[in-house]
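This report concerns only the one structure given below.
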Amino acid sequence: GENVEQHPSTLSVQEGDSAVIKCTYSDSASNYFPWYKQELGKGPQLIIDIRSNVGEKKDQRIAVTLNKTAKHFSLHITETQPEDSAVYFCAASSGNTPLVFGKGTRLSVIA
Amino acid sequence: KAGVTQTPRYLIKTRGQQVTLSCSPISGHRSVSWYQQTPGQGLQFLFEYFSETQRNKGNFPGRFSGRQFSNSRSEMNVSTLELGDSALYLCASSRGQLNTGELFFGEGSRLTVL
């Protein structure tokens, strides 16, 4: 089955700097790659997703890149703000299987 | 529009007992998935229901079971609780079946087994 590895597990950045979180997946059939943000005491919330027919997608300060050949995808957050502090999860799915999540990255943005 | 509602939010049980958790999806959503979240393992898939039918099941023992009702509300049950079952149980709903789009998560039910 699918296996998703996520790095780093914790990340601290200064406010205004960029943050990058990387994930690798094992199943070449996977074609849907969402990213979820979980704030303290809340459930995860989708922030951006990408499908395998595109290599990059951007939404304001957030971007995701996908390299299907290397089976890895990354989340980029620019101009980080304190409210970006949260746990971020990547996930992968082939569409016929449930989402498989990475173990999460705890991002701390230091003001 | 109301979000995904999970009850109870917190509960404490002792080993050997059983527990039932409830999930009300967003109105109009027919798919409900359950995930177990622990600090060391992240989110692990338990099962998914669509139109009252279990579509997928994760790698959990038979002590974990679930069902979905005709109004799309779902319950999961854990019998003969073990200490390792302590976790946040998250329910998520979506419009279509399987992974055709965004999952909307509830805030979870935090289970502590003593």
Side-chain angles (χ1 to χ4, degrees), chain A residues 1-10 21-27 29-53 57 59 62 64 73 75 86-107, chain B residues 2-7 9-10 21 23-26 29 31-50 53-60 64 66 74 76 87-110:
Chain A
E2 176 66 276
N3 182 50
V4 177
E5 298 283 341
Q6 182 172 347
H7 299 279
S9 57
T10 60
I21 303 170
K22 298 182 179 181
C23 290
T24 60
Y25 62 98
S26 61
D27 188 353
S30 288
N31 56 10
Y32 176 59
F33 309 92
W35 286 86
Y36 282 80
K37 175 184 180 181
Q38 186 176 27
E39 297 176 342
L40 196 61
K42 297 189 175 182
Q45 183 175 12
L46 179 71
I47 55 171
I48 195 167
D49 58 10
I50 191 168
R51 297 188 185 273
S52 61
N53 56 340
K57 185 176 178 180
D59 182 5
I62 294 173
V64 58
F73 55 114
L75 177 71
V87 179
Y88 292 81
F89 292 96
C90 63
S93 166
S94 68
N96 293 321
T97 57
L99 275 177
V100 175
F101 285 84
K103 293 188 178 180
T105 296
R106 183 174 299 279
L107 173 63
Chain B
V4 177
T5 304
Q6 292 189 245
T7 57
R9 290 291 314 280
Y10 303 92
L21 309 177
C23 172
S24 293
I26 292 172
H29 286 192
S31 176
V32 173
S33 300
W34 289 89
Y35 285 82
Q36 181 194 65
Q37 184 176 17
T38 57
Q41 297 300 317
L43 283 82
Q44 292 191 292
F45 173 77
L46 282 157
F47 19 67
E48 177 193 9
Y49 290 89
F50 181 81
T53 301
Q54 187 179 87
R55 297 288 180 164
N56 284 287
K57 189 177 192 304
N59 189 26
F60 279 81
F64 292 80
S74 178
M76 67 163 282
L88 180 68
Y89 290 88
L90 291 163
C91 167
S93 74
S94 61
R95 289 187 180 86
Q97 60 180 313
L98 298 173
N99 295 303
T100 54
E102 180 176 359
L103 293 181
F104 293 83
F105 283 88
E107 294 187 329
S109 293
R110 184 166 295 281

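Note on naming: letters A, B, ... go to the chains in the order of the sequence lines (proteins, then strands), and numbering restarts at 1 for each one.
Heavy atoms from other residues, nucleotides or ligands lying under 6.0 Å from NZ of A:Lys42 number 12 at most. Taking a 6.0 Å sphere around CD of B:Gln54, one finds it holds more than 12 heavy atoms contributed by other residues, nucleotides or ligands.
For A:Pro34, no part lies near chain B; criterion is any non-hydrogen pair under 4.5 Å. Using a 4.5 Å cut-off between heavy atoms, B:Arg9 contacts chain A through its side chain alone, with no backbone atom that close. Only the side chain of B:Gln37 comes within contact range of chain A, judged by heavy atoms closer than 4.5 Å. For A:Gln38, the part lying near chain B is the side chain, with the backbone staying farther off; criterion is any non-hydrogen pair under 4.5 Å.
Within the 4.5 Å cutoff, no side-chain heavy atoms of A:Tyr36 are placed close to those of B:Leu43.
Of all the heavy atoms in B:Gly42 and A:Phe89, the pair that sits closest is CA-CE2, 4.4 Å.
Here CG of B:Leu103 is found 8.5 Å from CG of A:Leu46. Values are rounded to the nearest 0.5 Å. Between the CD atom of B:Glu102 and the CD atom of A:Gln45 there is a distance of 7.5 Å, given to the nearest 0.5 Å.
Interface summary for chain B: among A:Gly43, A:Gly102, A:Gly104, A:Pro44, the most heavy-atom pairs under 4.5 angstrom belong to A:Pro44.
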